[in-house]
Amino acid sequence: MASTTETKQKKMLILKSADNDEFEIEESVGVQSETIKNLVEDGFTFVPLPNVYTKALIKIIDYLKKHANKTDSNDEEIKTFDKDFVNTTFDDLFELVSAANYLHISCLMNMLCQTIADRIKDKSPEAVRKIFHINCDYTPEEEAKIRKANAQAFEGQFDESLD
Amino acid sequence: MEYEQPQRNPADVQSSSLPPELITEILIRLPVKTLLQFRSVSKSWLALISSPRFVKAHLVKNRGYIHQKLMSTCYRRTMNTIIRVCSIRSLHFESVTESSDLDCPLKRLVMIVGSVNGLVCLNFKEQIFYIWNPSIRKLKKLADLEVAPIFGRFRFGFGYDELHDDYKLVTIFCDVKVEMYSLKSDSWRKMDDFQVGEVDTFLPTLVNSKLHWLTKAGGILYIDLTDEKWGKLEHPLYGERDDCLELGMLRSDLSMFRCYERMTCVDVWVMKEYGIKESWEKIYTIKFPYCIGNWWSPIFGMSNKAMRKININILHDSISIFHDGPYVEIIGKVGSHHVSYHDRVRCNIPATQATIRNQMSRQCLCNI
């Protein structure tokens, strides 16, 4: 990783992803993650993240950089950034939410969980199973029984799409 | 300096099945109706959604004002009860208020004793009680009371004991005999006789896990649902005989409302620090453009951060929003024989000869 003279003056950290890619970021950006903050407070400057893959880590570093520069004037810009950030597939969101949870970045966790909740709110149970990669362990009889009990809840049209 | 961490199997990370704690984080953000549907996703989702821990976490997460609903009960002369709900969000921010009727499983004249966390306590013929969760359509008839209160004064109150996560119903018979029902133990327990004095208000106000009544003697009587002990509080107009005092809750504080000047003026007092008489503070005087009737009770007032200075106040017969100042925007009024809502509230309460009582409600998964 190349570093400019300017960045050398600031305290830097190196994050290492599960696929062994290394990223240099400013300490002030990294400490928005509670996990990284605790390690920095213990004197670490090299942080391996064996649960976070490169793809997710790149996105999360982007997020942290954007939110580290939060001011009153770029509020709209950050909102647009956040909107684009969560505009991705469920699998990507799941990987990001796992990473955000591991890194303890609560504002990102909140945003991702809320996004996933909003997007599955009107889905059918079948679609939810596919989205979450869950095998249905009900027998057809059991499923019919529980659906009957829920008859009231099952009124209305479902969204069967998987995005 | 390097930090070594145990390597997790990459296969675990890349398969997108999320651990239960993250599934919980996502699901607690969903409405009750969706969660009921998602019980059929898998056995583990059913177990998660039904667990008392999840039910409580969901309640806490959805505690905010925006999840509150206004529940209007309308007693018709045709001897049935209509219970209509509309969301506070809709009442405030939408030009036409969305509302729907709850399908009351008891096709008779019932009274709502109270509604806490989405559980509704119903009373029929004074000594028969039910606890009802309209969201999951479950109704539970409580064991019969030993005292058959055919004659005499009968008062009751329904509340939530936060410490024990239990719902409790208190009945006071002839101002002396007190019984308490606990949903957790599903039984009534006779409490020590207590000379409570003549209770003035019909239904109590729940604040801090305590049910509060005004007494004829001029004070406030409460029972703490947590330790089941009685206590007394003084209100700012202690000892003054005034027929138009009512208790209520503003934000999360105990408050008192005094109506005067031919029912066109209301003073709103708030006990800023619970239990401290000196902390009673008069925060508003509201002038209404007309007489608000002589039987009324404010039941709800709350502000949230987004609309910091606005409070909603729902009286028995009118729904109003008051701002942090001495004026009030009335958005609906229910007369004793007719309903005349302003344009903003079009479909709230059935227009019929009826007695209407407003209460706050919400939705919960709580099994009963």
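Below, chain A is the first sequence line, B the second, and so on; all start at residue 1.
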What do you reckon, is NZ of B:K141 surrounded by more than 12 foreign heavy atoms closer than 6.0 Å?
yes

Is chain A contacted by the side chain of B:L35, its backbone, both, or neither, given a heavy-atom distance below 4.5 Å?
neither

Could you tell me which residues in residues 44-58 of chain B have at least one non-hydrogen atom under 4.5 Å from a non-hydrogen atom of chain A, sorted by residue number?
B:S44, B:W45, B:L46

Under a 4.0 Å N-O cut-off, is there an ion pair linking A:E141 with A:K148?
no

With a 4.5 angstrom heavy-atom cut-off, which part of A:D137 approaches chain B: side chain, backbone, both or neither?
both

Taking the basic N atoms (NZ, or NE/NH1/NH2) and the acidic carboxylate oxygens, is any pair closer than 4.0 Å for A:K66 and A:E77?
yes

Interface residue of largest heavy-atom contact number with chain B, from A:D118, A:I120, A:L93, A:N135, under 4.5 Å
A:I120

Say you draw a straight line from CZ of A:F23 to CG of A:L49; how long is it, rounded to the nearest 0.5 Å?
10.0 Å

What about A:Y63 and A:F85, are their ring centers closer than 6.0 Å?
yes

Can you confirm whether A:K55 is buried at NZ, in the sense that more than 12 heavy atoms of other residues, nucleotides or ligands lie under 6.0 Å from that atom?
no

Could you tell me if A:D91 and A:T89 have a donor-acceptor pair between their side chains, going purely by distance under 3.5 Å?
no

